[in-house]
Enquirer: 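Here it is: the structure, laid out below.
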Amino acid sequence: MFKKKGISLLLLLTMMTAIVLSGCGGGDDAGDGGGTAGGGDKVTVKMMHLWPAGSSKQHHGIVEDIIKQYEEENPDVKIETEILSNDQYKEKIKVLASSNQLPDVGLTWAAGFLRPYVEGGKFAALDDVLEGELGESFISGTTEAFSVDGKAYGLPLELNIAPIYYNKRIFEENNLEVPETFDDFKNVVKTLVDNGVTPITVGNKEPWTGSMWYMYLADRIGGKETLTNAINRSGSFEDPALVQAAAEIQNLVDLGAFVKGYNGLSNEEAKGPFMNEKAAMYMMGSWELPNFTTNEDVPQEFKDQIGFFKFPLVEGGKGDINSFVGGPGVGLFVSENSKVQQEAKDFVKFFVQKWGEVSVTGAGVIPATKVDTSQLDLPEMFIDVLDELNKASNITLYADVQMSASAAQEHLNLIQSLFGKEITAEEFATRHEEVLADEE
């Protein structure tokens, strides 16, 4: 009964459903790689990133603007995005990699995070993208952090260093000056404690924050290579300089240097006392600069009180005052199994160039590409940090990023135990050695 030219209604409905679904494209599903969009000749490049419009408004806006520019200049290409929070992103990328369904373009972290994906054949080498001016535009050492066996598998977008931010008003009220040596620094801590002021806030529930304090002491006592050598196994965590660095952390604990309850506070919670002018110092990556310069939600009166200084030298140590803890943040990868790999690489190249032009003024992000500060209208603190970056003698990549995932987790656990005085400096060193030796 329901027939038309020999085609049953059921078959007709099936065909119509298939047509509708094919016209919808892939939506936000990044699981099956790119390809030709249904109903046209456009190539679809799928990108997955971790900057939602709500929690990362400025980053999100920059990405959207770059995509719009690229599509306008390349009308035969459509960039399709899937956007997740940081933790969701890290979980999903593992799942997609295990099933060979990575997006054409995504974000990765350096060193220890990157290596398993490279060794598993998941990320494409990007040396061809780096040829010429683009490769020369990166700050020295940044692309190396995304390299394995001499080949680059990621293009860094961000570069951060971790200065010590301080409240000028609190220092002035307590007759304190910026410390030049670590002994001076401990005297600052003692004075603040005696006067009832919290010297340092740190949220060591997220122990990467405490790890930075340990890393700086390792650098200032042992020199720039000592910690990195211990991690890559050309050295040892039982090096006297590294044991002394751990001991100095516990000396600071004994002095009452850190905010009350620091091992139970998240970084965001610990930031509160500094933002409320209840703590004098706060060490954090330069991604915090907008809060102290351009963030309109932060009172200008507070922003005017904030300065920064470099981690002081340890007398008798081998460190350099211009050596920083920090390194690249996220970088872009291209999937080795992408069906549109050449288009993905072209987009990645375009993205990195545009990001370098607008990320500082648009989101307060210091890019991994070189910045000419004379051409930018930026707050003085931004300019000062960029200038420090330009003259940095060394940037030691965050310890947990240098390690494998399992070793990194144990390192962070040990940092929390060290700050909590649950282990000695010697036990801290020995436990690191045991964990890293198991991976050799």
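Quick note: residue numbers are just sequence positions, from 1.
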Enquirer: Testing the basics here: between F171 and E177, what is the closest heavy-atom pair and its distance to 0.1 Å?
Expert: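 Nearest pair, atom of F171 first, then E177: CE2-O, 3.8 Å.
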Enquirer: Counting only N and O atoms by type, is there a donor-acceptor contact under 3.5 Å from the side chain of E410 to the main-chain atoms of V435?
Expert: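 It does not hold such a pair.
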Enquirer: Say whether, by atom type as modelled, one donor and one acceptor occur between the side chain of T209 and the main chain of V202 under 3.5 angstrom.
Expert: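 Judged by distance alone, no pair lies under 3.5 Å.
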Enquirer: Out of curiosity, N174 CG to N195 CG, how far, rounded to the nearest 0.5 Å?
Expert: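 CG of N195 is found 4.5 Å from CG of N174.
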Enquirer: Provide the closest heavy-atom pair for V360 versus I366 in the form atom of the first, atom of the second, distance.
Expert: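 It is CG2-CA, 4.4 Å.
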Enquirer: Kindly say whether P207 contributes a backbone atom to a donor-acceptor pair with the side chain of S211 at under 3.5 angstrom?
Expert: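 No, the answer is negative, given that no donor and acceptor are paired below the 3.5 Å cut-off.
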Enquirer: For the pair S338 (side chain) and V334 (backbone), establish whether a donor and an acceptor sit closer than 3.5 Å, ignoring hydrogens and angles.
Expert: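 Judged by distance alone, no pair lies under 3.5 Å.
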Enquirer: Got E248 and F182 here, is their nearest side-chain heavy-atom distance under 4.5 Å?
Expert: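 Touching, per the 4.5 Å side-chain cut-off.
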Enquirer: Rounded to the nearest 0.5 Å, what's the gap from OG1 on T142 to CG on L397? Could you check?
Expert: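 These two atoms lie 11.5 Å from each other.
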Enquirer: Examine distances only and state if a side-chain atom of D346 and a backbone atom of Q342 form a donor-acceptor pair shorter than 3.5 Å.
Expert: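 Checking the backbone N and O of Q342 against the side chain of D346, no donor-acceptor pair under 3.5 Å is found.
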Enquirer: Over all heavy atoms of both residues, which pair between A279 and T201 is shortest? Give the atoms and the distance, please.
Expert: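 Result for this residue pair: CB-CB, 4.0 Å.
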Enquirer: Check whether any side-chain N or O of S98 sits under 3.5 Å from a backbone N or O of V95 as a donor-acceptor pair, and report yes or no.
Expert: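 Side chain of S98 to backbone of V95, a donor-acceptor pair under 3.5 Å: yes, one is there.
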Enquirer: Does the side chain of E268 come under 3.5 Å of the side chain of S266 through a donor N or O and an acceptor N or O?
Expert: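 Distance-only check fails for E268 and S266.
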Enquirer: Just verifying a value: how many Å separate K278 NZ and T198 OG1, rounded to the nearest 0.5 Å?
Expert: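 With rounding to 0.5 Å, NZ (K278) is 9.5 Å from OG1 (T198).
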Enquirer: Please round to the nearest 0.5 Å and tell me the distance separating atom CG of N100 and atom CG of N337.
Expert: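 Between atom CG of N100 and atom CG of N337 there are 5.0 Å.
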Enquirer: Just by distance, do the side chain of N232 and the backbone of S234 share a donor-acceptor pair under 3.5 Å?
Expert: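 Pair found, side chain donor or acceptor close to backbone of S234.
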Enquirer: Evaluate K57 against W51 for side chain to side chain contact (heavy atoms under 4.5 Å, CB included), listing each step before the verdict.
Expert: CA-CA 7 Å; K57 180 180 178 181; W51 295 308; over 6 Å; no
Enquirer: What residue pairs, at least two apart or across chains, pass ring pair (Phe, Tyr, Trp, His ring centres under 6.0 Å) with a residue in residues 366-407?
Expert: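 Listed by first then second residue: nothing to list.
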Enquirer: Using distance alone, with no hydrogens and no angle criterion, decide if T181 and D184 have a side-chain donor and acceptor under 3.5 Å apart.
Expert: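 Their side chains do contain a donor-acceptor pair, which is all the 3.5 Å distance test asks for.
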Enquirer: What pairs with E357 under side chain to side chain contact (heavy atoms under 4.5 Å, CB included), at least two apart in sequence or on another chain?
Expert: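 Side chain to side chain contact (heavy atoms under 4.5 Å, CB included) check on E357 returns K354.
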Enquirer: Is the closest basic N to carboxylate O distance between K271 and E288 below 4.0 Å?
Expert: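 A salt bridge links K271 with E288.
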Enquirer: Among F308, W213, Y216, find the one that has a side-chain contact (heavy atoms from CB on, under 4.5 Å) with I164.
Expert: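 It is W213; the other options fail the test.
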Enquirer: Taking N187's backbone N and O only, do any of them form a donor-acceptor pair with T191's side chain (distance below 3.5 Å, no angle check)?
Expert: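 Indeed, once roles are kept as given, a pair shorter than 3.5 Å links the two residues.
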Enquirer: Is the F237 ring parallel, tilted or perpendicular to the H411 ring (thresholds 30°, 60°)?
Expert: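 F237 and H411: tilted rings.
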Enquirer: Checking N167 against Y282: is there a side-chain donor and acceptor pair closer than 3.5 Å?
Expert: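 Absent: no donor and acceptor within the cut-off.
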Enquirer: Check the pair F333, L107 against side chain to side chain contact (heavy atoms under 4.5 Å, CB included), reporting the backbone distance first and the verdict last.
Expert: CA-CA 6 Å; F333 74 80; L107 296 177; 5.7 Å; no
Enquirer: Could E277 and R169 be called an ion pair, given the rule that one side-chain N must be under 4.0 Å from one carboxylate O?
Expert: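 A salt bridge links E277 with R169.
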Enquirer: Please give me the minimum heavy-atom distance between T424 and Q250, naming the atom from each residue.
Expert: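 The answer is CA-OE1, 4.3 Å.
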Enquirer: When you check the side-chain N and O atoms of E439 and S404, is any donor under 3.5 Å from an acceptor?
Expert: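 There is such a pair (donor and acceptor under 3.5 Å, judged by atom type) between the side chains of E439 and S404.
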Enquirer: Salt bridge or not between E269 and K205? Use side-chain N to carboxylate O under 4.0 Å.
Expert: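 Here E269 does not pair with K205 in a salt bridge, since their nearest N and O are not under 4.0 Å apart.
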Enquirer: I'd like to know whether F292 forms a side chain to side chain contact (heavy atoms under 4.5 Å, CB included) with F302, so could you lay out the CA-CA distance, the side-chain angles of the two residues, the decisive distance to 0.1 Å, and finally the verdict.
Expert: CA-CA 8 Å; F292 311 137; F302 168 79; 4.0 Å; yes
Enquirer: Going by distance alone, is a donor N or O of one side chain under 3.5 Å from an acceptor N or O of the other, for Q69 and D65?
Expert: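 There is no such pair between these side chains.
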Enquirer: Less than 4.5 Å apart, side chain to side chain, heavy atoms only: is that true for P199 and V188?
Expert: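 No, their side chains stay 4.5 Å or more apart.
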Enquirer: Would the distance check show the side chain of E238 and the main-chain N or O of V243 forming a donor-acceptor pair, the cut-off being under 3.5 Å?
Expert: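 Side chain of E238 to backbone of V243: no pair is present.
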Enquirer: For E433, is there an ion pair with R233 - N to carboxylate O distance below 4.0 angstrom?
Expert: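 The answer is yes: the pair qualifies as a salt bridge.
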Enquirer: Just distance, no hydrogens or angles: give the donor-acceptor pairs under 3.5 Å from side chains in residues 317-326, sequence neighbours left out.
Expert:
from : atom 1 : to   : atom 2 : distance (Å)
D320 : OD1    : N322 : N      : 2.9
D320 : OD2    : S393 : OG     : 2.9
N322 : OD1    : K310 : NZ     : 2.8
S323 : OG     : D219 : OD2    : 2.7
S323 : OG     : N394 : ND2    : 3.0

Enquirer: When you measure from the side chain of N267 to the backbone of G203, do you find a donor-acceptor pair of N or O atoms at a distance under 3.5 Å?
Expert: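 No; judged by distance alone, with no hydrogens or angles, the pair does not exist.
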Enquirer: Checking F146 now: which residues fulfil ring pair (Phe, Tyr, Trp, His ring centres under 6.0 Å) with it, not counting sequence neighbours?
Expert: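 F146 satisfies ring pair (Phe, Tyr, Trp, His ring centres under 6.0 Å) with no residue once adjacent residues are dropped.
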Enquirer: Do we see a donor-acceptor contact under 3.5 Å between the side chains of Q409 and N413?
Expert: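 Present: a donor and an acceptor within the cut-off.
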Enquirer: Can you give me the closest heavy-atom contact between P179 and P312, atom names plus distance?
Expert: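 For P179 versus P312, the nearest heavy atoms are O-CG, 4.0 Å.
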Enquirer: Report the C-alpha distance between S335 and D104 in whole Å, list the side-chain angles of each, state the deciding distance to 0.1 Å, and finish with yes or no for side-chain hydrogen bond (donor to acceptor under 3.5 Å, both in side chains).
Expert: CA-CA 5 Å; S335 171; D104 304 301; 6.0 Å; no
Enquirer: If you look only at distance, which donor and acceptor atoms sit under 3.5 Å apart when one is on a side chain in residues 252-263 and the other is two or more places apart or in another chain?
Expert:
from : atom 1 : to   : atom 2 : distance (Å)
D254 : OD1    : K421 : NZ     : 2.7
D254 : OD2    : K421 : NZ     : 3.3
Y262 : OH     : F419 : O      : 2.7
N263 : OD1    : N204 : ND2    : 2.8
N263 : ND2    : Q416 : O      : 3.0

Enquirer: Assess, by modelled atom type and distance only, whether the side chains of K303 and N295 contain a donor and an acceptor separated by less than 3.5 Å.
Expert: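 No - no donor-acceptor pair under 3.5 Å links their side chains.
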Enquirer: Between K349 and E131, is the side chain to side chain contact (heavy atoms under 4.5 Å, CB included) condition met? List the steps.
Expert: CA-CA 11 Å; K349 182 176 182 179; E131 291 176 358; over 6 Å; no
Enquirer: Name the atoms and distances for all side-chain donor-acceptor pairs under 3.5 Å in residues 147-156, with sequence neighbours left out.
Expert:
from : atom 1 : to   : atom 2 : distance (Å)
S147 : OG     : T143 : O      : 2.9

Enquirer: Is there side-chain contact between L96 and P103, with at least one heavy-atom pair below 4.5 Å?
Expert: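 Contact flag for L96/P103 side chains = yes.
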Enquirer: Can you name the closest pair of heavy atoms from A245 and Y214 and give their distance?
Expert: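 Smallest interatomic distance, heavy atoms only, reads CB-CE1, 3.7 Å.
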Enquirer: So, taking the atom named CG in D304 and the one named CE in M381, what distance separates them when rounded to the nearest 0.5 Å?
Expert: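 If I round to the nearest 0.5 Å, the distance is 9.5 Å.
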Enquirer: Using 30° and 60° as the class limits, which term best fits the ring planes of F347 and F351: parallel, tilted or perpendicular?
Expert: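 Perpendicular: the ring planes of F347 and F351 meet at over 60°.
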Enquirer: Is the shortest distance from a Lys or Arg side-chain nitrogen in E427 or R431 to a carboxylate oxygen in the other one below 4.0 Å?
Expert: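 Result for this pair is no, no salt bridge flagged.
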Enquirer: Please say whether more than 12 non-hydrogen atoms of neighbouring residues, nucleotides or ligands are located less than 6.0 Å from CD in Q300.
Expert: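 More than 12 heavy atoms, drawn from other residues, nucleotides or ligands, come within 6.0 Å of this atom.
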Enquirer: Using the benzene-type ring in the case of Trp, are the ring centres of W208 and W109 under 6.0 Å apart?
Expert: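 Judged by ring-centre distance (under 6.0 Å), W208 and W109 do not meet the cut-off.
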Enquirer: Can you tell me how far apart CD1 (I62) and OG (S359) are? Round to the nearest 0.5 Å.
Expert: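 Interatomic distance, I62 CD1 to S359 OG, rounded to 0.5 Å: 6.0 Å.
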